[in-house]
Protein chains: 2
Amino acid sequence: MFSMATIRDVAKQAGVSVATVSRVLNSNGYVNNETKKKVDEAIQQLNYKPNAVARSLYKKTSKTIGLIVPDIGNPFFPELARAVEDTAHKKGYNVFFCNTDENAEKEEHYLEILLQKYVDGVIVASNTLTAEKVKELNIPVVSIDRKITAEIPTVVVKNKEGAQKATGYLKEIGCERIAHLRGPHHIDNANERVDGYLEEVGNEPWFESSYIVDGNYVMKNAIQATLELLERHPEIDGIFAANDVMAIGAVKAAHRFGKKVPEELAIIGFDGISMAEATTPELTTIAQPIYDMGTAVTDLLVKLIEKKPVERTFLELEVELVERESTRKQNNKGGR
Amino acid sequence: MFSMATIRDVAKQAGVSVATVSRVLNSNGYVNNETKKKVDEAIQQLNYKPNAVARSLYKKTSKTIGLIVPDIGNPFFPELARAVEDTAHKKGYNVFFCNTDENAEKEEHYLEILLQKYVDGVIVASNTLTAEKVKELNIPVVSIDRKITAEIPTVVVKNKEGAQKATGYLKEIGCERIAHLRGPHHIDNANERVDGYLEEVGNEPWFESSYIVDGNYVMKNAIQATLELLERHPEIDGIFAANDVMAIGAVKAAHRFGKKVPEELAIIGFDGISMAEATTPELTTIAQPIYDMGTAVTDLLVKLIEKKPVERTFLELEVELVERESTRKQNNKGGR
DNA sequence: TTCTAATGTGTAACCGGTTACACACAGTAT
DNA sequence: ATACTGTGTGTAACCGGTTACACATTAGAA
């Protein structure tokens, strides 16, 4: 077993002081060209790699950020994580990766560890985190996908607008009874999507609150909920699901129920995850710019870490309607 | 702005030396109970959290591992990553998370950074890494999903056996012309799956090599390849795709081609990703125990890091046939 | 010629933990 | 009484970088 070369080894080898080696490494301060050459040679010969931990200790910065998500298995997050990691890497940061399962204790525990490891900042997708806790951390924290409080910089999408777009689109293609498969009550974006839906159909003569059914953003539950919905309201011809995973569940339920998608029942999702392209029929959805969101939060966080000026700390990105096969113009009924 | 309390602050507050505080923190050495109480109080009062970076520097271990995958967006990896993170966390390790896009330079770059950050070990899913490079690192490295060389501890599944199972199953349910949509030639597991396929049908009178078509583990390409395959061999009634993503592509292609799945064409995948449950029909597949694989590599790595005894350094996990809707007994033809 | 500024380099303290070693004291064995 | 062992605590070196400060030399300005 052999041990890594240190800066003192390099200094000795090059016949200079450690300060000089450090200056060469970081290209700051004055260094004679000849000296630099000697040092570079020594570095080469010893295959010297500076020790980031030692540097962190003195500089009180680790060039590391934490990424806290509920569950990387949730298909929304891999793409987000990818964007975060790509962007962080581009800016010279590494990312620590944590899954909390929306569990407040686990989250707090992770934050503590991250703090002890000197992370420079944290990106968090959470609805359990409170503003006080964040303040205690004393490092920049940004929130993605969910807004926690006004004080915490946040990147989200225009949920309400997207929901309106989705519901409006169903109306446009001729749906006359549109249900909504909503997300969890404790999640902000779910409530906003309900708002958007209501904005579009809340005043329709046919509307009643039983057209909104509870879902929890997972497939299995959505299948059951949709089955019950169709049982109760066989007249519905359009469903806006608050996320793609539930929309896929709704497609499956419709299939089991014997309703043809899109001919008899149009289904639209929200998110734009890649899984939505795997289904038959492929899912129409309100696509979030997931990768861009990841890039945006990371950019924001790094600016906060490096104390660079930030224009806005609340970014609301646009969503986009992606028309695929699960919805289609319906001319069979006497549309308006 | 205020700064974190250090061990010296705690020592002063408690009226003891730093050594004693350290002993209390790590519960080693002798500490009088009264003294311990005083120290604990001081820790409480100052809200002291030990600095992991300083500890790392002295101990030459960071309680951190690196996880290198080609692309977390690839649906195989989120579940794996989840398992790795869960297990690592349980054992007191954090995980740095890196995407290489199968790019050797990027990979090498990441390894260098991880090394500088003092990671204690690395889990890698790669086919660009060489044994020499690993040896240079001087820290434990384990390989997941792909075997690199015999020297590097590895966790994989029984690819050949799984492929035989898949192909055999298609025969069993009555398929008489079975094609294989293979993975990239440079990836080991793809070749093993071809071997398994050949084992089952290579000697059939009908077999010819044009029943094996190239895919690259991505959907779009698989759709095109399947379309061409069906054009060339309209007689095929079964396809074994080397991964689920391609199998989903094959289902789509069949749909476009006008072949009914599973009635006219049975399709089976490999991997057992959750996306395979999103499709209609839901995909029959050879499921890898992805989560278990993640648990197993992480366990293995941690044992190597902590120099605990390891029974075997090459684990080949079992795969399992999961029957779903994309295959079904075919009685319409005069089966054997 | 003298003063000042720019260039170049080294010494040692520092970041915040851990631990080898020294030392003191009590209890027990010889 | 002496030696030895177990308990309890402090001092200071150490991990491997960074940098404040001191100091020397040279070039250019006055």
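Here is how names work: the chains are called A, B, and so on, in the same order as the sequence lines, proteins then strands, and each is numbered from 1.
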- prompt: At what distance, to the nearest 0.5 angstrom, does CG of A:Asp101 lie from CG of B:Asp86?
  reply: 7.0 Å
field: Value rounded to 0.5 Å, distance of CG in A:Leu301 from CD1 in A:Ile144
entry: 11.0 Å
query: When the C1' atoms of the five terminal pairs at each end define the local axes, what inter-axis angle does the helix from C:dT1-D:dA30 to C:dT30-D:dA1 show, to 10 degrees?
result: 50°
field: Over 12 foreign heavy atoms within 6.0 Å of CD, B:Glu311
entry: yes
message: If you count every heavy atom of other residues, nucleotides or ligands that lies below 6.0 Å from B:Lys133 atom NZ, does the total exceed 12?
response: yes
- prompt: Are B:Phe97 and A:Phe96 close enough that their ring centres sit under 6.0 Å apart?
  reply: no
- request: Establish, with yes or no, whether the OP1 or OP2 oxygen of C:dT7 is under 4.0 angstrom from a side-chain nitrogen or oxygen of A:Tyr30.
  value: yes
- prompt: Between B:Thr35 and D:dG8, does any side-chain N or O lie under 4.0 Å from OP1 or OP2?
  reply: no
List the atom pairs, with distances to 0.1 Å, where a side-chain N or O of residues 38-49 of chain B and a protein N or O form a donor-acceptor pair under 3.5 Å, not counting sequence neighbours.
from: B:Asp40; atom 1: OD2; to: B:Lys36; atom 2: NZ; distance (Å): 2.9
from: B:Gln45; atom 1: OE1; to: B:Gln13; atom 2: NE2; distance (Å): 2.2
from: B:Asn47; atom 1: OD1; to: B:Lys49; atom 2: NZ; distance (Å): 2.7

- request: Indicate yes or no for a side-chain donor-acceptor contact from B:Lys117 to the backbone of B:Ser62 under 3.5 Å, with no hydrogens or angles considered.
  value: no
- prompt: Separation of B:Glu34 atom CD from D:dT7 atom C1', in whole Å?
  reply: 15 Å
query: Hey, is B:Lys135 close enough to B:Glu151 for a salt bridge, meaning N to O under 4.0 Å?
result: yes
- prompt: Can you give one letter per nucleotide of nucleotides 12-20 of chain D, 5' to 3': B if a protein heavy atom sits under 4.0 Å from the base, S if only from the sugar-phosphate, - if neither?
  reply: B-BBBBBB-
